[in-house]
Amino acid sequence: MINGEKGASRSIKWGMVGGGKGSNIGYIHRSAALRDNNFDLIAGAFDIDPQRGIDFAKELGVSEDRCYGDYKKMLEEEAKRKDGIEAVTIATPNGTHYEISKACLEAGLHVVCEKPLCFTYEEAEELEKLATENNLIFGVTYGYSGHQMVTEARELIANGDLGEIRLINTQFAYGFFAGPVEELYPASKWRLSSKNAGPSFILGDVGTHSWHMAETMVPGLKIEELMCAMQRFGKGRELEDNAHVLIKCNDGIFCNLWASAINSGSHHGMKIRVVGSKASIEWFAERPNQLRYEIEGEAVRILERGAGYLHDSSKETDRIGAGHPEGLFESWSNMYRRFAIAMDAASRNDQEFLKTFWYPNVHEGAEGVKFVEACVASDKEGAAWVSVK
Ligand code: NAD
(Lines give C-alpha, C1' and ligand atoms only; values in the text may rest on other atoms or scores of the structure.)
Protein backbone atom coordinates (compact mmCIF):
# COMPACT_ATOMS: atom_id res chain seq x y z
CA MET A 1 0.00 0.00 0.00
CA ILE A 2 1.22 3.49 -0.82
CA ASN A 3 0.79 5.50 2.34
CA GLY A 4 2.86 8.57 1.68
CA GLU A 5 5.95 6.56 0.73
CA LYS A 6 7.85 8.45 -1.90
CA GLY A 7 8.92 5.61 -4.16
CA ALA A 8 11.98 7.39 -5.53
CA SER A 9 14.94 7.84 -3.15
CA ARG A 10 14.86 11.63 -3.67
CA SER A 11 12.68 14.28 -5.28
CA ILE A 12 13.20 14.89 -8.98
CA LYS A 13 13.78 18.54 -9.96
CA TRP A 14 10.92 19.13 -12.32
CA GLY A 15 9.57 21.71 -14.76
CA MET A 16 6.49 21.93 -16.94
CA VAL A 17 5.78 23.18 -20.45
CA GLY A 18 2.10 23.90 -21.02
CA GLY A 19 -0.66 22.86 -18.66
CA GLY A 20 -1.25 26.55 -17.91
CA LYS A 21 -4.09 28.26 -16.11
CA GLY A 22 -7.46 26.97 -17.30
CA SER A 23 -5.98 24.13 -19.38
CA ASN A 24 -7.76 20.79 -19.31
CA ILE A 25 -4.98 18.59 -18.14
CA GLY A 26 -2.33 20.71 -16.39
CA TYR A 27 -3.80 20.35 -12.92
CA ILE A 28 -3.88 16.55 -12.83
CA HIS A 29 -0.22 16.47 -13.92
CA ARG A 30 0.78 18.66 -10.99
CA SER A 31 -1.52 16.91 -8.56
CA ALA A 32 -0.17 13.48 -9.56
CA ALA A 33 3.49 14.44 -9.62
CA LEU A 34 3.41 16.31 -6.34
CA ARG A 35 1.22 13.81 -4.48
CA ASP A 36 3.98 11.63 -3.00
CA ASN A 37 6.74 14.27 -3.03
CA ASN A 38 8.51 12.45 -5.82
CA PHE A 39 8.85 15.68 -7.80
CA ASP A 40 9.60 19.31 -6.91
CA LEU A 41 8.04 21.82 -9.28
CA ILE A 42 10.80 24.41 -9.58
CA ALA A 43 10.44 25.84 -13.10
CA GLY A 44 7.88 26.23 -15.84
CA ALA A 45 6.84 27.76 -19.15
CA PHE A 46 3.18 27.05 -18.67
CA ASP A 47 1.43 29.00 -21.38
CA ILE A 48 1.47 30.00 -25.04
CA ASP A 49 0.96 33.54 -23.74
CA PRO A 50 4.30 34.34 -22.01
CA GLN A 51 2.99 36.80 -19.41
CA ARG A 52 0.04 34.60 -18.46
CA GLY A 53 2.49 31.71 -18.06
CA ILE A 54 4.80 33.75 -15.83
CA ASP A 55 1.91 34.98 -13.67
CA PHE A 56 0.57 31.45 -13.28
CA ALA A 57 4.02 30.07 -12.38
CA LYS A 58 4.21 32.64 -9.57
CA GLU A 59 0.77 31.58 -8.36
CA LEU A 60 2.02 28.00 -8.21
CA GLY A 61 4.89 29.08 -5.98
CA VAL A 62 7.69 28.81 -8.55
CA SER A 63 10.47 31.24 -7.63
CA GLU A 64 10.39 34.37 -9.76
CA ASP A 65 13.66 33.78 -11.62
CA ARG A 66 12.41 30.38 -12.80
CA CYS A 67 9.04 31.48 -14.21
CA TYR A 68 9.66 31.48 -17.95
CA GLY A 69 7.80 32.97 -20.90
CA ASP A 70 8.80 30.16 -23.26
CA TYR A 71 10.30 26.70 -23.07
CA LYS A 72 13.47 27.52 -25.02
CA LYS A 73 14.39 30.15 -22.47
CA MET A 74 13.64 27.65 -19.70
CA LEU A 75 15.98 25.03 -21.18
CA GLU A 76 18.71 27.61 -21.76
CA GLU A 77 18.57 29.15 -18.26
CA GLU A 78 18.07 25.89 -16.36
CA ALA A 79 21.11 24.35 -18.09
CA LYS A 80 23.28 27.09 -16.56
CA ARG A 81 22.26 26.27 -12.98
CA LYS A 82 23.79 23.69 -10.66
CA ASP A 83 20.31 22.98 -9.32
CA GLY A 84 18.67 22.96 -12.79
CA ILE A 85 15.68 20.80 -13.65
CA GLU A 86 16.21 17.11 -14.43
CA ALA A 87 12.81 16.36 -15.94
CA VAL A 88 10.12 18.14 -17.93
CA THR A 89 6.45 17.42 -18.47
CA ILE A 90 4.97 18.54 -21.78
CA ALA A 91 1.23 19.22 -21.61
CA THR A 92 0.73 21.32 -24.73
CA PRO A 93 -1.40 20.68 -27.84
CA ASN A 94 -0.25 17.70 -29.95
CA GLY A 95 1.43 19.74 -32.70
CA THR A 96 4.20 20.88 -30.35
CA HIS A 97 5.06 17.55 -28.67
CA TYR A 98 7.74 16.42 -31.09
CA GLU A 99 9.65 19.69 -31.18
CA ILE A 100 9.55 20.26 -27.41
CA SER A 101 10.32 16.63 -26.49
CA LYS A 102 13.28 16.60 -28.84
CA ALA A 103 14.65 19.84 -27.40
CA CYS A 104 14.28 18.52 -23.83
CA LEU A 105 16.00 15.22 -24.65
CA GLU A 106 18.81 17.09 -26.40
CA ALA A 107 19.18 19.16 -23.23
CA GLY A 108 19.72 15.88 -21.32
CA LEU A 109 16.38 15.94 -19.49
CA HIS A 110 13.96 13.15 -18.71
CA VAL A 111 10.62 13.74 -20.39
CA VAL A 112 6.98 13.07 -19.62
CA CYS A 113 4.84 13.88 -22.64
CA GLU A 114 1.16 13.87 -23.34
CA LYS A 115 -0.44 11.58 -25.88
CA PRO A 116 -0.67 11.36 -28.84
CA LEU A 117 3.11 11.46 -28.65
CA CYS A 118 3.59 13.14 -32.05
CA PHE A 119 2.28 13.18 -35.62
CA THR A 120 4.33 10.49 -37.41
CA TYR A 121 5.83 7.15 -36.48
CA GLU A 122 9.15 8.33 -37.90
CA GLU A 123 9.22 11.19 -35.37
CA ALA A 124 8.22 8.81 -32.57
CA GLU A 125 11.03 6.40 -33.43
CA GLU A 126 13.49 9.30 -33.39
CA LEU A 127 12.35 10.34 -29.92
CA GLU A 128 12.57 6.76 -28.66
CA LYS A 129 16.10 6.42 -30.04
CA LEU A 130 17.21 9.73 -28.52
CA ALA A 131 15.87 8.73 -25.08
CA THR A 132 17.37 5.23 -25.19
CA GLU A 133 20.80 6.31 -26.42
CA ASN A 134 21.06 8.99 -23.75
CA ASN A 135 19.79 6.88 -20.82
CA LEU A 136 16.83 9.21 -20.38
CA ILE A 137 13.41 8.17 -19.12
CA PHE A 138 10.55 9.11 -21.41
CA GLY A 139 7.07 8.57 -19.99
CA VAL A 140 3.83 9.04 -21.90
CA THR A 141 0.76 9.91 -19.87
CA TYR A 142 -1.60 7.08 -20.57
CA GLY A 143 -3.22 8.05 -17.29
CA TYR A 144 -5.72 5.20 -17.01
CA SER A 145 -3.04 2.54 -16.80
CA GLY A 146 -2.34 3.31 -13.11
CA HIS A 147 -5.75 2.11 -11.90
CA GLN A 148 -5.49 -0.80 -9.48
CA MET A 149 -8.15 -2.88 -11.24
CA VAL A 150 -6.30 -2.52 -14.54
CA THR A 151 -3.31 -4.20 -12.89
CA GLU A 152 -5.67 -6.86 -11.55
CA ALA A 153 -7.06 -7.49 -15.04
CA ARG A 154 -3.51 -7.84 -16.37
CA GLU A 155 -2.65 -10.33 -13.61
CA LEU A 156 -5.72 -12.48 -14.28
CA ILE A 157 -4.95 -12.52 -18.01
CA ALA A 158 -1.22 -13.21 -17.52
CA ASN A 159 -2.05 -16.08 -15.12
CA GLY A 160 -4.26 -17.69 -17.76
CA ASP A 161 -7.43 -17.35 -15.66
CA LEU A 162 -9.38 -16.32 -18.75
CA GLY A 163 -7.95 -19.17 -20.85
CA GLU A 164 -6.70 -18.27 -24.32
CA ILE A 165 -7.49 -14.66 -25.17
CA ARG A 166 -9.82 -14.45 -28.17
CA LEU A 167 -11.50 -11.06 -28.36
CA ILE A 168 -11.07 -7.51 -27.13
CA ASN A 169 -13.98 -5.12 -27.36
CA THR A 170 -12.95 -1.63 -26.39
CA GLN A 171 -14.30 1.87 -26.71
CA PHE A 172 -13.61 5.44 -25.69
CA ALA A 173 -16.75 7.15 -26.88
CA TYR A 174 -17.91 10.40 -25.35
CA GLY A 175 -20.46 12.93 -26.55
CA PHE A 176 -18.96 16.37 -25.96
CA PHE A 177 -18.57 17.15 -29.68
CA ALA A 178 -22.12 16.11 -30.60
CA GLY A 179 -22.82 19.83 -31.17
CA PRO A 180 -20.58 22.61 -32.57
CA VAL A 181 -18.56 23.11 -29.34
CA GLU A 182 -15.44 24.19 -31.22
CA GLU A 183 -16.98 27.63 -31.55
CA LEU A 184 -17.08 27.95 -27.75
CA TYR A 185 -13.94 26.34 -26.32
CA PRO A 186 -10.32 26.89 -27.48
CA ALA A 187 -9.27 23.38 -26.34
CA SER A 188 -11.98 21.98 -28.63
CA LYS A 189 -10.94 24.04 -31.61
CA TRP A 190 -7.30 22.96 -31.83
CA ARG A 191 -8.31 19.30 -31.57
CA LEU A 192 -10.16 19.56 -34.89
CA SER A 193 -7.36 21.06 -36.97
CA SER A 194 -4.70 18.83 -38.51
CA LYS A 195 -2.10 21.56 -37.97
CA ASN A 196 -2.46 21.31 -34.18
CA ALA A 197 -3.92 17.84 -33.61
CA GLY A 198 -2.19 15.78 -36.29
CA PRO A 199 -3.62 13.44 -38.92
CA SER A 200 -6.56 12.44 -36.72
CA PHE A 201 -8.79 13.92 -34.05
CA ILE A 202 -10.60 11.25 -32.11
CA LEU A 203 -8.29 8.31 -32.74
CA GLY A 204 -5.28 10.32 -31.58
CA ASP A 205 -7.20 11.92 -28.74
CA VAL A 206 -8.79 8.85 -27.17
CA GLY A 207 -8.36 5.86 -29.53
CA THR A 208 -4.72 5.81 -28.40
CA HIS A 209 -5.92 5.42 -24.78
CA SER A 210 -8.13 2.48 -25.76
CA TRP A 211 -5.41 0.72 -27.66
CA HIS A 212 -2.96 1.32 -24.82
CA MET A 213 -5.44 -0.12 -22.35
CA ALA A 214 -5.71 -3.29 -24.46
CA GLU A 215 -1.88 -3.52 -24.62
CA THR A 216 -1.62 -2.97 -20.88
CA MET A 217 -4.14 -5.66 -19.99
CA VAL A 218 -3.04 -8.28 -22.51
CA PRO A 219 0.71 -8.90 -22.21
CA GLY A 220 2.55 -9.03 -25.54
CA LEU A 221 -0.41 -7.78 -27.60
CA LYS A 222 0.64 -6.55 -31.05
CA ILE A 223 -1.26 -5.28 -34.08
CA GLU A 224 -0.74 -7.32 -37.25
CA GLU A 225 -3.40 -5.80 -39.53
CA LEU A 226 -6.20 -3.33 -39.14
CA MET A 227 -9.06 -1.73 -41.02
CA CYS A 228 -10.57 1.60 -40.08
CA ALA A 229 -13.54 3.70 -41.14
CA MET A 230 -13.62 7.32 -40.01
CA GLN A 231 -16.60 9.67 -40.07
CA ARG A 232 -17.08 13.41 -39.69
CA PHE A 233 -20.54 14.12 -38.28
CA GLY A 234 -19.96 17.73 -37.19
CA LYS A 235 -20.51 20.15 -40.10
CA GLY A 236 -17.32 21.50 -41.69
CA ARG A 237 -14.95 19.46 -39.51
CA GLU A 238 -11.59 18.76 -41.11
CA LEU A 239 -10.82 15.69 -38.98
CA GLU A 240 -12.91 12.69 -37.97
CA ASP A 241 -15.09 12.82 -34.88
CA ASN A 242 -15.94 9.10 -34.92
CA ALA A 243 -14.05 5.99 -35.96
CA HIS A 244 -14.44 2.22 -35.96
CA VAL A 245 -11.39 -0.01 -36.11
CA LEU A 246 -11.08 -3.79 -36.49
CA ILE A 247 -7.68 -5.13 -35.48
CA LYS A 248 -6.12 -8.54 -36.13
CA CYS A 249 -3.55 -9.11 -33.40
CA ASN A 250 -0.95 -11.77 -32.67
CA ASP A 251 -2.06 -15.24 -31.50
CA GLY A 252 -5.37 -14.94 -33.35
CA ILE A 253 -6.70 -12.25 -31.00
CA PHE A 254 -9.30 -10.02 -32.65
CA CYS A 255 -10.03 -6.51 -31.40
CA ASN A 256 -12.86 -4.12 -32.09
CA LEU A 257 -12.18 -0.48 -31.13
CA TRP A 258 -14.67 2.41 -31.22
CA ALA A 259 -13.46 5.97 -30.67
CA SER A 260 -16.03 8.73 -30.68
CA ALA A 261 -16.59 12.34 -29.68
CA ILE A 262 -20.20 12.39 -30.83
CA ASN A 263 -21.66 9.59 -28.65
CA SER A 264 -24.48 11.87 -27.42
CA GLY A 265 -25.23 11.59 -23.73
CA SER A 266 -22.02 9.77 -22.87
CA HIS A 267 -19.79 11.70 -20.47
CA HIS A 268 -16.67 9.64 -20.99
CA GLY A 269 -17.51 6.14 -22.21
CA MET A 270 -14.19 4.32 -21.83
CA LYS A 271 -14.73 0.56 -21.49
CA ILE A 272 -12.90 -2.63 -22.25
CA ARG A 273 -13.98 -6.26 -22.35
CA VAL A 274 -11.42 -9.01 -22.82
CA VAL A 275 -12.87 -12.39 -23.77
CA GLY A 276 -10.95 -15.61 -23.18
CA SER A 277 -11.81 -19.26 -23.85
CA LYS A 278 -12.87 -19.77 -20.18
CA ALA A 279 -13.84 -16.35 -18.86
CA SER A 280 -14.06 -12.64 -19.60
CA ILE A 281 -13.22 -9.48 -17.73
CA GLU A 282 -14.84 -6.09 -18.17
CA TRP A 283 -13.69 -2.71 -16.85
CA PHE A 284 -15.39 0.67 -17.13
CA ALA A 285 -13.32 3.80 -16.40
CA GLU A 286 -16.31 5.55 -14.82
CA ARG A 287 -16.51 2.73 -12.20
CA PRO A 288 -12.79 2.13 -11.84
CA ASN A 289 -12.95 0.40 -8.46
CA GLN A 290 -14.76 -2.63 -9.83
CA LEU A 291 -13.73 -5.32 -12.29
CA ARG A 292 -16.30 -7.77 -13.65
CA TYR A 293 -14.93 -11.30 -13.79
CA GLU A 294 -17.27 -13.65 -15.61
CA ILE A 295 -16.43 -17.35 -15.73
CA GLU A 296 -18.50 -19.25 -18.28
CA GLY A 297 -21.25 -21.20 -16.49
CA GLU A 298 -20.78 -19.43 -13.13
CA ALA A 299 -22.34 -16.44 -11.42
CA VAL A 300 -20.75 -13.09 -12.30
CA ARG A 301 -18.13 -11.87 -9.80
CA ILE A 302 -17.47 -8.21 -9.17
CA LEU A 303 -13.94 -7.80 -7.86
CA GLU A 304 -13.44 -4.75 -5.65
CA ARG A 305 -10.41 -2.50 -5.37
CA GLY A 306 -8.42 -2.89 -2.16
CA ALA A 307 -9.87 -6.34 -1.36
CA GLY A 308 -7.64 -8.96 0.23
CA TYR A 309 -8.24 -11.47 -2.57
CA LEU A 310 -6.54 -9.31 -5.24
CA HIS A 311 -3.03 -10.07 -6.47
CA ASP A 312 -0.22 -8.49 -4.42
CA SER A 313 0.92 -6.36 -7.40
CA SER A 314 -2.56 -4.78 -7.55
CA LYS A 315 -2.68 -4.14 -3.82
CA GLU A 316 0.76 -2.52 -3.96
CA THR A 317 -0.78 0.62 -5.46
CA ASP A 318 -3.60 0.83 -2.95
CA ARG A 319 -3.76 4.21 -1.21
CA ILE A 320 -6.78 4.17 1.10
CA GLY A 321 -7.81 0.57 1.79
CA ALA A 322 -10.94 -1.24 0.65
CA GLY A 323 -14.33 0.44 0.70
CA HIS A 324 -13.29 4.01 -0.02
CA PRO A 325 -13.34 4.92 -3.71
CA GLU A 326 -10.17 5.80 -5.58
CA GLY A 327 -10.22 7.42 -9.01
CA LEU A 328 -8.35 9.03 -11.86
CA PHE A 329 -6.20 11.17 -9.57
CA GLU A 330 -4.86 8.07 -7.82
CA SER A 331 -4.28 6.35 -11.15
CA TRP A 332 -2.21 9.31 -12.36
CA SER A 333 -0.32 9.47 -9.05
CA ASN A 334 0.62 5.79 -9.45
CA MET A 335 1.84 6.52 -12.98
CA TYR A 336 3.91 9.55 -11.93
CA ARG A 337 5.35 7.57 -9.01
CA ARG A 338 6.60 5.04 -11.54
CA PHE A 339 8.09 7.81 -13.69
CA ALA A 340 9.98 9.12 -10.65
CA ILE A 341 11.26 5.67 -9.65
CA ALA A 342 12.49 5.12 -13.22
CA MET A 343 14.19 8.55 -13.38
CA ASP A 344 15.85 7.95 -10.03
CA ALA A 345 17.13 4.55 -11.23
CA ALA A 346 18.35 6.05 -14.52
CA SER A 347 20.30 8.73 -12.68
CA ARG A 348 22.07 5.91 -10.72
CA ASN A 349 22.50 4.08 -14.05
CA ASP A 350 20.72 1.06 -12.56
CA GLN A 351 20.09 -0.67 -15.89
CA GLU A 352 19.37 -4.03 -14.26
CA PHE A 353 16.41 -2.52 -12.42
CA LEU A 354 15.16 -0.63 -15.48
CA LYS A 355 15.18 -3.77 -17.64
CA THR A 356 12.10 -5.12 -15.90
CA PHE A 357 10.51 -1.99 -14.43
CA TRP A 358 7.38 -0.99 -16.32
CA TYR A 359 5.92 2.48 -16.79
CA PRO A 360 3.92 3.85 -19.77
CA ASN A 361 6.91 4.69 -21.91
CA VAL A 362 7.99 6.24 -25.20
CA HIS A 363 7.79 2.88 -26.96
CA GLU A 364 4.11 2.60 -26.02
CA GLY A 365 3.68 6.22 -27.12
CA ALA A 366 5.21 5.32 -30.47
CA GLU A 367 2.91 2.29 -30.80
CA GLY A 368 -0.03 4.68 -30.37
CA VAL A 369 1.28 6.88 -33.18
CA LYS A 370 1.78 3.80 -35.38
CA PHE A 371 -1.81 2.75 -34.65
CA VAL A 372 -3.20 6.16 -35.68
CA GLU A 373 -1.04 6.27 -38.80
CA ALA A 374 -2.30 2.84 -39.90
CA CYS A 375 -5.92 3.85 -39.21
CA VAL A 376 -5.59 6.96 -41.37
CA ALA A 377 -3.97 4.93 -44.18
CA SER A 378 -6.74 2.33 -44.05
CA ASP A 379 -9.52 4.93 -44.09
CA LYS A 380 -7.94 6.66 -47.10
CA GLU A 381 -8.14 3.40 -49.01
CA GLY A 382 -11.84 2.97 -48.26
CA ALA A 383 -11.36 1.04 -44.99
CA ALA A 384 -8.98 -1.48 -46.54
CA TRP A 385 -7.01 -3.94 -44.40
CA VAL A 386 -3.49 -2.60 -43.92
CA SER A 387 -0.62 -4.50 -42.40
CA VAL A 388 1.17 -2.97 -39.43
CA LYS A 389 4.85 -3.75 -38.84
P1 NAD B 1 -5.57 22.95 -23.53
O2 NAD B 1 -5.74 23.69 -24.81
O3 NAD B 1 -6.66 22.96 -22.50
O4 NAD B 1 -4.23 23.46 -22.79
C5 NAD B 1 -3.00 23.57 -23.45
C6 NAD B 1 -2.06 24.38 -22.58
O7 NAD B 1 -0.77 24.43 -23.21
C8 NAD B 1 -2.50 25.84 -22.41
O9 NAD B 1 -2.19 26.25 -21.09
C10 NAD B 1 -1.64 26.61 -23.42
O11 NAD B 1 -1.46 27.96 -23.11
C12 NAD B 1 -0.35 25.81 -23.30
N13 NAD B 1 0.54 25.92 -24.47
C14 NAD B 1 0.22 25.78 -25.78
N15 NAD B 1 1.33 25.89 -26.55
C16 NAD B 1 2.36 26.12 -25.68
C17 NAD B 1 3.76 26.33 -25.85
N18 NAD B 1 4.33 26.32 -27.06
N19 NAD B 1 4.53 26.55 -24.74
C20 NAD B 1 3.97 26.57 -23.51
N21 NAD B 1 2.65 26.36 -23.30
C22 NAD B 1 1.86 26.14 -24.37
O23 NAD B 1 -5.20 21.47 -23.95
P24 NAD B 1 -5.39 20.14 -23.08
O25 NAD B 1 -6.75 19.61 -23.32
O26 NAD B 1 -4.91 20.35 -21.69
O27 NAD B 1 -4.41 19.16 -23.87
C28 NAD B 1 -3.02 19.25 -23.80
C29 NAD B 1 -2.42 17.90 -24.20
O30 NAD B 1 -2.85 16.94 -23.25
C31 NAD B 1 -2.88 17.37 -25.55
O32 NAD B 1 -1.83 16.71 -26.20
C33 NAD B 1 -4.00 16.39 -25.22
O34 NAD B 1 -4.12 15.33 -26.17
C35 NAD B 1 -3.49 15.85 -23.90
N36 NAD B 1 -4.54 15.34 -23.00
C37 NAD B 1 -4.33 14.15 -22.41
C38 NAD B 1 -5.24 13.63 -21.53
C39 NAD B 1 -4.92 12.31 -20.86
O40 NAD B 1 -5.82 11.68 -20.33
N41 NAD B 1 -3.67 11.90 -20.84
C42 NAD B 1 -6.43 14.31 -21.27
C43 NAD B 1 -6.63 15.56 -21.89
C44 NAD B 1 -5.67 16.08 -22.74
Side-chain angles (χ1 to χ4, degrees), residues 15-33 43-57 59-60 67-75 88-104 111-119 139-147 150 172 174 176-177 181-182 184-193 195-213 216 239 259 261 268-270 285 288 327-329 331-333 335-336 339 360 364-365 368-369 372:
M16 272 190 87
V17 182
K21 194 165 193 155
S23 66
N24 268 328
I25 206 69
Y27 175 61
I28 198 167
H29 278 276
R30 287 183 288 279
S31 165
F46 293 93
D47 207 293
I48 186 76
D49 177 321
Q51 194 54 49
R52 205 169 51 193
I54 290 170
D55 293 345
F56 185 54
E59 246 181 73
L60 293 172
C67 303
Y68 299 102
D70 77 85
Y71 81 89
K72 287 183 185 154
K73 187 84 182 152
M74 177 172 92
L75 297 183
V88 177
T89 283
I90 301 158
T92 53
N94 312 348
T96 58
H97 293 174
Y98 167 72
E99 174 197 310
I100 303 176
S101 298
K102 191 169 175 219
C104 292
V111 172
V112 172
C113 184
E114 265 302 348
K115 45 47 60 182
L117 177 59
C118 49
F119 283 6
V140 176
T141 42
Y142 288 119
Y144 304 95
S145 57
H147 278 291
V150 170
F172 198 147
Y174 63 89
F176 188 69
F177 285 76
V181 288
E182 55 268 42
L184 303 173
Y185 307 102
S188 305
K189 199 165 193 144
W190 71 251
R191 283 177 158 77
L192 288 158
S193 105
K195 182 170 172 277
N196 299 308
S200 138
F201 161 35
I202 201 59
L203 283 164
D205 198 37
V206 298
T208 47
H209 275 303
S210 281
W211 174 250
H212 186 257
M213 184 52 68
T216 304
L239 296 172
H268 190 256
M270 185 195 194
L328 191 62
F329 279 80
S331 177
W332 274 68
S333 301
M335 173 179 66
Y336 258 97
F339 293 155
E364 293 165 25
V369 176
V372 173

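Numbering of ligands and ligand atoms starts at 1, following listing order. Heads up: numbering here begins at 1 and tracks the sequence. For clarity, every value in this text was computed on a predicted model and none was experimentally measured.
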Any nitrogen or oxygen of Gly20, main chain or side chain, under 3.5 Å from a nitrogen or oxygen of ligand 1? yes
Is Phe56 touching ligand 1 with its side chain, its backbone, both, or neither, if touching means heavy atoms under 4.0 Å apart? neither
N or O contact, Pro116 vs ligand 1, cut-off under 3.5 Å: no
Counting each atom of ligand 1 from 1 as listed, which ones have a heavy atom of Val17 under 4.0 Å away? 19 (N), 20 (C)
The protein heavy atom nearest to atom 14 (C) of ligand 1 is Pro93 CD, 3.3 Å
Within ligand 1, which atoms have a heavy atom of Ala187 less than 4.0 Å away? 1 (P), 2 (O), 3 (O)
Looking only at distance, does Tyr144 have an N or O less than 3.5 Å from an N or O of ligand 1? no
Can you tell me the protein heavy atom closest to atom 34 (O) of ligand 1 and the distance? Lys115 O, 2.9 Å
If you compare Ser331, Ser23, Ala91, Pro360 by their heavy atoms, the one closest to atom 7 (O) of ligand 1 turns out to be Ala91
Distance to 0.1 Å, residue and atom name: give those for the protein heavy atom nearest to atom 28 (C) of ligand 1. Thr92 O, 3.6 Å
Within this structure, what is the CG-NZ distance for the pair Asn94 and Lys115, rounded to the nearest 0.5 Å? 6.5 Å
Between His209 and Thr141 the two heavy atoms that sit nearest each other are CE1-O, 3.9 Å
Test item: side-chain donor near acceptor, Tyr144 and His212, under 3.5 Å: no
What part of Trp190, side chain from CB on, backbone N/CA/C/O, both or neither, has a heavy atom under 4.0 Å from ligand 1? side chain
Tell me, which protein residue and heavy-atom name are nearest atom 43 (C) of ligand 1, and how many Å apart are they? Ile25 CD1, 3.6 Å
Is there a side-chain contact between Val17 and Val88, using heavy atoms and a 4.5 Å cut-off? yes
Do any heavy atoms of His209 fall under 4.0 Å from ligand 1? yes
Would you name the heavy atoms of Asp47 and Asp49 that are closest together and state the gap between them? OD1-N, 2.9 Å
Residue pair Gly204 / Ser200: nearest heavy atoms and the distance that separates them: N-OG, 3.0 Å
Tell me the closest heavy-atom pair linking Gly26 and Met16, and the distance in Å. O-CE, 4.2 Å
I need the atoms of ligand 1 closer than 4.0 Å to a non-hydrogen atom of Thr141, numbered in the order shown. 41 (N)
Please determine if His97 has a nitrogen or oxygen closer than 3.5 Å to a nitrogen or oxygen of ligand 1. yes
Give the residue and atom name of whichever protein heavy atom lies nearest to atom 37 (C) of ligand 1, and the separation in Å to one decimal. Glu114 OE1, 2.9 Å
Quick note on ligand 1: atoms under 4.0 Å from a heavy atom of Asn94 include exactly 31 (C), 32 (O), 33 (C), 34 (O)
N-O pairing of Arg191 and Asp205 below 4.0 Å: yes
Tell me the protein heavy atom at minimum distance from atom 24 (P) of ligand 1, and give that distance in Å. Asn24 CB, 3.7 Å
I'd like to know if the side chain of Tyr142 pairs up with that of Glu114 as donor and acceptor (distance under 3.5 Å, no hydrogens or angles considered). no
For Tyr71 and Thr92: C-alpha separation, side-chain torsions, deciding distance, then whether side-chain hydrogen bond (donor to acceptor under 3.5 Å, both in side chains) applies. CA-CA 11 Å; Tyr71 81 89; Thr92 53; over 6 Å; no
Counting heavy atoms under 4.0 Å, the part of Arg191 that contacts ligand 1 is side chain
Does Tyr71, backbone or side chain, put an N or O under 3.5 Å from an N or O of ligand 1? no
Step through it carefully: locate the ring centre of Phe46, locate the ring centre of Tyr68, and say whether they are under 6.0 Å apart. no
Is the shortest side-chain heavy-atom distance between Leu75 and Cys104 below 4.5 Å? yes
Minimum-distance pair of heavy atoms, taken over all atoms of Ser145 and Val150: O-CG1, 4.2 Å
Considering the heavy atoms of Phe46, write down every atom of ligand 1 situated less than 4.0 Å from one of them. 9 (O), 12 (C), 21 (N)
Heavy-atom contact check, 4.0 Å cutoff: does Trp332 meet ligand 1? yes
Pro186 to ligand 1, any heavy atom closer than 4.0 Å: no
So is Ile48 polar-close to ligand 1, meaning N/O to N/O under 3.5 Å? yes
How close do Ala197 and Leu239 get, heavy atom to heavy atom, and via which atoms? CB-CD1, 4.1 Å
Which is it for Ala45 and ligand 1 at heavy atoms under 4.0 Å: side chain, backbone, both or neither? backbone
Answer yes or no: is there a side-chain heavy-atom contact under 4.5 Å between Ser31 and Trp332? no
